[in-house]
Each structure stands twice: as structure tokens, then as C-alpha cells.
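Here's the structure, in C-alpha cells; my notes come after.
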Amino acid sequence: MSTRTYTSRRANILEALTVKLQDIDGSGVFLTDLQNNVHPRLKFWDEVVEFPAVHLNAGAETRQYQGGGYKDRFLSIVVRCYVSDENDATEALNMLMEDIETVLEDNSRLEYSDKQNNTFNVQQITIVSINTDEGVLEPLGVGEITIEVRY
């Protein structure tokens, strides 16, 4: 295995998480159908034209140095959720965010590949916070789930 052990893998993790979130299709345990409308880049609510939508944004990355040259990496990611529902946007947003939380919990050891196609797993995905617009933008709904990925 040829690896570069000292590089960030933020884009690779973001892409792997995007693929997992595309599984939200309204079937089985899922309450929402994203119709593959998940993107590994940030868009603001006034730029979104198809709903529901999920956009991910990688934030700060920190390192914690351990003994023996080992280091843990912590990547902050914002998962921004957008819905449009004439009946109850708040409920539609809550259902989408529940689906996302289900995917995150089921994939807490998310598998991803680096640029050389070596496969790795993150150590843990932690939900740090969940925020919503609380219905202010009805019939639109916007929410954010901030996660920390340890790898």
C-alpha cells in the first residue's frame, strides 16, 4: 500500500459522505427522497432550485499529536439541508434531518479512498449540533447539522 500519511483527506471523506447520503430515497427506513440531490459543496438557500437538497461544506481541520508519530485528525463538516413544503416545511425538514442522522449513525466508520485508491475508514463521526430556521422561512426550511469526523 502506497500512502501519504501526513496529508489531509478532507475532499475524499466529503465525497464518500455525499455518496452515502444519496441513499436517502424515501424507501425502507427513510422518510425523505433526496433524488440524489446531495452535493459536496456549499450553496445558500437562495441558490437552491430543487428541493429537498443537501449540501456539505468541509470546515476547519485540527490535529492531535499522539506518541510514536501517530496523529488524529478532526474534520468539521456542515451538512446544510433545504426543503420546500407548502403544508409544513418544519416537519419536512425534521424528517430529512432524521434521515441524515440515520445515515451518519449507520456509517460512523465511513469508508473512503485516497488519491492512490487506498481504502480507509474514519474512526468516528460525531454530531456536534443540529440547528434549524424554526419555520421562519416557510414554505422553505433550512437546517444545519455540524459533524466532526475523526480519522
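Just so you know, these numbers use all the heavy atoms, side chains as well, and skip hydrogens, waters and symmetry mates.
In this structure the side chain of Asn57 never reaches within 4.5 angstrom of the side chain of Leu14, judged on heavy atoms. The closest side-chain heavy-atom distance from Val54 to Gln22 is not below 4.5 Å. At a threshold of 4.5 Å between non-hydrogen side-chain atoms, the residues Arg9 and Tyr112 count as touching. By the 4.5 Å heavy-atom criterion applied to side chains, Asn12 and Ser113 are not counted as neighbours. Between Thr146 and Ile77, every side-chain heavy-atom pair lies at or beyond the 4.5 Å cut-off.
Within the structure, side chain to side chain donor-acceptor pair (under 3.5 Å) contacts touching residues 25-42 (residues at least two apart or in different chains) are Asp25-Ser27, Thr32-Asp99, Asn37-His39. Under the salt bridge (charged side-chain N to carboxylate O under 4.0 Å, His left out) criterion, the residue pairs touching residues 127-151 are Asp72-Arg150, Arg80-Glu144, with sequence neighbours excluded.
In this structure, the side chain of Asn107 engages the main chain of Val103 through a donor-acceptor pair within 3.5 Å.
Annotation: Gln66, atom CD; neighbour count of heavy atoms from other residues, nucleotides and ligands within 6.0 Å is above 12.
Close placement of the Tyr82 and His55 rings is indicated, their centers lying within 6.0 Å of each other.
Hydrophobic clustering, with ILVMFWY side chains joined whenever heavy atoms are under 4.5 angstrom apart, groups Ile100 together with Val29. No continuous path of ILVMFWY side-chain contacts below 4.5 Å connects Met97 to Val78, so the two sit in separate hydrophobic clusters.
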Are Leu140 and Val83 close enough, and set up right, to give a side chain to side chain contact (heavy atoms under 4.5 Å, CB included), and what steps lead you there? CA-CA 6 Å; Leu140 301 176; Val83 298; over 6 Å; no

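Taking the centre and axis of the six-membered ring of Phe74, the NZ or CZ atom of Arg63 falls outside the cone set by 45° and 6.0 Å.
Considering CD1 of Ile147 and OG of Ser76, their distance stands at 8.0 Å, rounded to 0.5 Å.
Using a 3.5 Å distance cut-off with no hydrogens or angles, the side chains of Glu61 and Tyr151 do pair a donor with an acceptor.
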